[in-house]
Asker: 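The structure that follows is given in the form of structure tokens.
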Amino acid sequence: SFASFAHSNMVRPFLLVLFSCIVAVSYGQAPIYVWPQPQSATQGTAISGLAASFSMKSSSSTPSADLTDAFARFNATIFDHRAKGDASSSAITGLLVTVANFNVPLQLGVDESYTLSVPASGQATLQANTYYGALRGLETFSQLIYFNFTTSMYVIPNTPWTIKDAPRFPHRGVLVDTSRHFLPIPMLRRIIDSISYAKFNVLHWHITDIQSFPWQSSALPRFTMAAYSQNERFSDEDIQDLIEYARKRGVRVMMEIDVPGHAGSWCVGYPDVCPSPTCTMPLDPSSNTTWTLMTQLFKELTSLAPEGLFHLGGDEVDMSCWTSVARVSQWLKSHNMNNLDAYRYFVEQAHAMVGSHQRTPVNWDEVYANFGKTIDPNTIIHVWRNLAYVQNATRDGFRVLVSPDGPWYLDGLGTTWQQMYALEPSTGITDPKQAALILGGEACMWGETVDSSVVMPTIWPRAAAVAERLWSDISVNSAASAEPRYAWFRCLLDQRGIEAGPYKNTQARTAPPGPGGCYTQ
Amino acid sequence: MTSIMATTVVVVCLFLSCVCCQINVWPLPQTYSHGTTPVSVSPSFQFTSKTNSHTMREAFKRYTALTFTRTDVSNTKQYDEAVLSTLDVIITDPSEDLQLDTREDYTLVVTSTSATINASTVYAAMRGLETFSQLVQYNISANVYTIQQAPWSISDHPRFPHRGLLMDTSRHFFSVHYLHKLLDSMSYAKMNVLHWHIVDAQSFPMQSAAYPLLWKGAWSPSERYTTQDVKDVVEYARLRGIRVVPEFDGPGHAYAWGVGYPSLLPQGYNISSKCDDTCPVNPCNVPLDPSNEFTYQVLEGLFTELTAGKQGAGIFTDNMFHTGGDEIEPGCWSGSPQIAQFMKQHSFTSYDELYMYFVNRVAGMVKGMGRQVVNWESTYTTAGNTLDKGTIVNIYLSMDVMEKAVGSGYQCIVSFANAWYLDNVGNNWTVFYNFNPVANLTDPSLVKLVLGGEASNWGETMDPTNLFARVWPRAAAVAERLWSAASVTSLTDALPRLHAFRCMLIDRDIPSAPLDNLAGPLAPGSCLWQ
């Protein structure tokens, strides 16, 4: 029995539960080892092996290339050892996937619900309204399967299973920052893989900032002069390919071009969009080039990215250069504007520009804080400074995204997963109509001190806490209850080649303190 | 805002340096010359060879994917005349046996219209392909692949035949996925040995059909390697020209063996006050019981399973077999009446004699299976020149011991802890780079006994989280020391090339640490200078 498996002087109670989950014939109240926790699940007491002939099949008569590719991916992820099939009559023979409508595009609010049934023997079934719902069900299915090292078989414990699941929030994102440090395409792909394991569905791509401009725009080739180097750049094709890669995994890619602040890298290639060489930000409203560039840039980027939301930043606008540079201050005067008027003018112009491409603007909460109900009511407010803005903005009828600096900023290395887990986006909101305006949130991986060498263990496993908060029911909120499952998910990530840090370390991405197994560190 | 302008200046310089003044190949080839002509690489470029082996085809597939990450490159030539459409590989010796003496020398010639690798073996060809892949650059503005400074003529071979990385999978477990990726990354630096420290006191993660309880000593059921997993790793390594030298450390560092088979550990160790058995925390070095016949039965059974009892056969096909032999805690033997009785029978008056009894018996066993024994230097320091002459001494503590050992005719592998232990996180790449394993040897016949060395990646404070940042870029310094000419020692010359190599590792999805801070960057910046 595996009950005596662990070193005798290192009994780890939860592990024993996990082991029995793998090998025991029956047990009662064990936690469901799926992350994030499904909305509802019932389980049995059988343990079922996968037949040698096990395969995933689509019930549709017309093959879907997306689903075929997804099957290949999930097969590669699940079957990481060479195994024997279960030859008994009680084996699971396959997974039949039914998608009601393959033609639903991936946009905010796409139906991600699914129903997964795994009998004690025979064929398992997965039903979803969309391809993207099927992906979530496949992920859950992949997490139910274990390799039994003793029998060399893949098994599903606790059959029969019935899982009915759907996300609590439609927008569940991870922000990546490719300006402070460049992240190459293979790493971005792997980040997309990893976030799909936790049922995140948005990569918020903060592609440019003050420090570098890695996008090689084909329409505006001088932008990329502000790339860190020749190789630290993305072509239009890179961006398109990555978006398609993400789409196949059910991940929307929301681009952010932060204006008028955080745009200092623009003036490397286009000096006349900045107030002066020594006072580079915010962008210069008096320069025609500023408006031409913004128009062209949004046009090109929206042609590459089909995503309906477009993030326009709008945060941390220090307007002192507009005052100190005579050309700008004179322009403001002649247009009868003060600094704040100019800031608003930027926001409104940017809204109109992306609006002309049928995109919904997203802005950091400064835009709401400064201009309140006077801006386009269709704007989505991305709250980062204070949860009070969630309450106020939803009261004013705005839709919001939640990424509080502190709890959900992954670059805060001292923020523990328990703190991330504890944050409830709807805190202080009682009106269900107001609560419904919360679209979801994002864990933010700002890049000042994060490059390829550390990005994965800085994101993982802590982002999983945010993923569960955004997917699972509001009542799933006890970090203590979640901990063994969280540890298990960390090991799953490690197994899948995602470098998730030791979950017990209170400082993110630090080395394990000594020898140990992944479930205990 | 001045910082932004400063950045601009740096960026411009870097752009220029990419096209003019240096060879960005790591490790530096033995000899090379180049011209001044840029060459475009055709979008339909192909590797070709008359040698139509599976190993060769796999290498071509790999290097096509590594070199040409973009599939939608433009047909537009960037330069008028020169378009390279093939690289032809010619192999002299078709044998694919991979051992210490396998040749790795190659020449690579790239003209404006043709490229050729002449290689002694398929594995030598891989070294040439790696060099070629590092010469090819992607020009994002023109959307073409190019080779700058053609024509190139490179003639290359390793300085040492054994260029290894020790990987510890006992203190923490690493799924096969990571081992594969580690092997990939080693091949980028032309390292050719994975010294697989599979087992230690803390866990025994490997399956044995002969002794199926051994892997009860794993951290958990999922943190284990099946026999098939191990075979896959060995073959994955071979396909990249990397030998796998397994290590089964004994009699010390063996606590985990006793989880499945308690009688392998000395009687009474757990009640002896002289035995530090605070497992799983270091040192946890409860040794095997050398007085117990069962110990030798298990070793014989396991090693037979792993070697099939004859040269070149079994799961681990390499001629070298590492049996450890370091850091014995005889205090753990002192509580056993059976050991006391055994020593009396054999008239042993010290634990060293007992220790060497074990070492010699295991060495005889392993030699009988057609393998050359490798030991940590401790067995040589204990036995001196009475140690079997065929034993390869793996130096880690003392370079004086190395000089003595080669002076007495022993072959050595150098893993000098002060310089080449990757778990010394305070040592940056320059410490690794500055160390010369044969610094004090003048007699060329003695230098020849130094087979090479290893960067040692001990796992106490390393798990999948920080594996690659622990290893890279510092192991690259060791790789260059062991491959390139002895005269290649300048840190200043190496620095930009190492930065470029680190950027390449990152582009190839190996999360290598910044050169200036192992734990992650301290501020925004580029891989080319951080």
Side-chain angles (χ1 to χ4, degrees), chain A residues 2 5 7 9-10 15 19 22 80-82 147 149 152 180-182 184 186-187 190 210-211 216 221 227-233 235 237 264-265 268 277-280 447-454 456-457 491 494-495 497 499-502 509 511-519 521, chain B residues 1-2 4-5 8 11 14-15 18 70 72 138 140-141 143 171-173 175-178 181 202 207 216 219-224 226 228-229 259 279-282 459-469 503 506-509 511-514 520-528 530:
Chain A
F2 278 107
F5 187 96
H7 298 156
N9 51 354
M10 284 270 318
L15 259 189
F19 295 176
I22 298 164
D80 54 352
H81 296 274
R82 296 204 215 167
F147 182 65
F149 281 75
S152 285
R180 275 62 180 254
H181 285 93
F182 181 78
M187 178 54 83
R190 226 148 55 79
I210 302 165
Q211 287 80 357
Q216 161 105 18
Y228 277 132
S229 70
Q230 165 101 342
N231 289 325
E232 290 170 288
R233 292 192 271 177
S235 67
E237 289 77 14
S265 58
V268 175
T278 52
C279 210
T280 58
E448 282 85 347
T449 58
V450 178
D451 66 8
S452 295
S453 67
V454 288
M456 281 299 191
C491 293
D494 273 355
Q495 262 172 41
E499 306 92 325
R509 83 185 191 202
C518 72
Y519 296 101
Q521 288 195 321
Chain B
M1 293 312 104
T2 41
I4 291 168
M5 299 321 289
T8 314
V11 166
L14 288 165
F15 278 30
C18 292
R70 293 161 207 257
D72 57 350
Y138 178 66
I140 193 170
S141 314
N143 191 24
R171 276 60 180 260
H172 286 91
F173 178 78
S175 66
V176 168
H177 178 94
Y178 292 95
K181 200 162 163 170
Q202 285 84 354
Q207 182 172 34
K216 278 186 76 174
W219 287 113
S220 74
S222 62
E223 290 169 285
R224 296 192 283 182
T226 65
Q228 190 59 53
D229 290 340
V259 177
C279 205
V281 178
N282 257 347
E460 282 87 347
T461 57
M462 187 261 312
D463 68 6
T465 318
N466 55 351
L467 164 64
F468 290 104
C503 291
I506 287 174
D507 279 344
R508 292 181 177 184
D509 199 25
S512 162
L522 299 169
S526 164
C527 60
L528 276 175
Q530 284 193 325

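Numbered from 1 within each chain, the chains take letters A, B, ... in sequence-line order.
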Asker: Would you say the side chain of B:Tyr138 lies within less than 4.5 Å of the side chain of B:Arg70, judging by non-hydrogen atoms?
Answerer: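 In contact.
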
Asker: Quick check for you: among A:Glu237, A:His181, A:Arg509, which has the greatest number of heavy-atom pairs under 4.5 Å with chain B?
Answerer: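 Top option by heavy-atom pairs under 4.5 Å: A:His181.
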
Asker: Identify which part of A:Glu232 has an atom lying under 4.5 Å from any heavy atom of chain B, answering side chain, backbone, both or neither.
Answerer: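 Just the side chain, heavy atoms under 4.5 Å.
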
Asker: B:Arg508 versus chain A, heavy atoms under 4.5 Å apart: side chain, backbone, both or neither?
Answerer: neither

Asker: Relative to chain A, which of B:Thr461, B:Asn466, B:Thr226, B:Asp507 shows the most heavy atom pairs under 4.5 Å?
Answerer: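 Highest number of pairs under 4.5 Å: B:Thr461.
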
Asker: Which one of B:Cys503, B:Ala523, B:Ala513 has the most heavy-atom pairs closer than 4.5 Å to chain A?
Answerer: B:Ala523

Asker: Nearest 0.5 Å, please: how far is CG in B:Asp463 from CZ in B:Phe173?
Answerer: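 Reported value, rounded in 0.5 Å steps: 12.5 Å.
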
Asker: Does the side-chain contact (heavy atoms from CB on, under 4.5 Å) test come out yes or no for B:Trp219 and B:Arg224, once each step is laid out?
Answerer: CA-CA 8 Å; B:Trp219 287 113; B:Arg224 296 192 283 182; over 6 Å; no

Asker: Please flag which part of A:Met456 lies under 4.5 Å from any non-hydrogen atom of chain B: side chain, backbone, both or neither.
Answerer: neither

Asker: Checking heavy atoms, do the side chain of B:Ile506, its backbone, both or neither come under 4.5 Å from chain A?
Answerer: both

Asker: Counting only heavy atoms closer than 4.5 Å, note whether B:Ser175 contacts chain A via side chain, backbone, both or neither.
Answerer: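 The side chain, not the backbone.
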
Asker: Please work out which of the three classes, parallel, tilted or perpendicular, describes the rings of A:Phe147 and A:His81, given edges at 30° and 60°.
Answerer: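 Aromatic pair A:His81/A:Phe147 classed parallel.
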
Asker: I'd like to know which of B:Ser141, B:Pro464, B:Pro524 tops the heavy-atom pair count under 4.5 Å against chain A.
Answerer: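 Highest number of pairs under 4.5 Å: B:Pro524.
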
Asker: B:Cys527 versus chain A, heavy atoms under 4.5 Å apart: side chain, backbone, both or neither?
Answerer: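 For B:Cys527, backbone and side chain are both near chain A.
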
Asker: Would you call A:Pro513 and A:Gln521 a side-chain contact if the rule is heavy atoms closer than 4.5 Å?
Answerer: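 In contact.
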
Asker: Is it the side chain or the backbone of A:Gln216 that comes within 4.5 Å of chain B heavy atoms, both, or neither?
Answerer: side chain

Asker: Would you please say whether a donor-acceptor pair under 3.5 Å links the side chains of B:His177 and A:Asp80?
Answerer: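 The answer is no; no qualifying pair exists.
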
Asker: Does the side chain of B:Tyr178 reach to within under 4.5 Å of the side chain of A:Asp494, using non-hydrogen atoms?
Answerer: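 Yes; the side chains approach each other to less than 4.5 Å.
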
Asker: For chain A, find which of B:Leu467, B:Leu522, B:Asp509 contributes the most heavy-atom pairs closer than 4.5 angstrom.
Answerer: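 Top option by heavy-atom pairs under 4.5 Å: B:Asp509.
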
Asker: Using the salt bridge (charged side-chain N to carboxylate O under 4.0 Å, His left out) rule, take A:Glu499 and A:Arg190 through it: C-alpha gap first, then chi angles, then the decisive distance, then the call.
Answerer: CA-CA 10 Å; A:Glu499 306 92 325; A:Arg190 226 148 55 79; 3.1 Å; yes

Asker: So which residue, A:Pro457, A:Gly497, A:Pro184, ends up with the most heavy-atom pairs under 4.5 Å with chain B?
Answerer: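 Most heavy-atom pairs under 4.5 Å with chain B: A:Gly497.
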
Asker: CZ/A:Arg180 to OG/B:Ser526 distance, rounded to the nearest 0.5 angstrom?
Answerer: 15.5 Å

Asker: Among A:Ala500, A:Cys491, A:Pro502, single out the residue with the greatest number of heavy-atom pairs under 4.5 Å to chain B.
Answerer: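 Max contact count across the listed options: A:Pro502.
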
Asker: Distance check, rounded to the nearest 0.5 Å: A:Ser452 atom OG versus A:Phe182 atom CZ?
Answerer: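 One finds 8.5 Å between OG of A:Ser452 and CZ of A:Phe182.
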
Asker: For chain A, find which of B:Pro511, B:Ser512, B:Gly520, B:Gly525 contributes the most heavy-atom pairs closer than 4.5 angstrom.
Answerer: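 Max contact count across the listed options: B:Gly525.
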
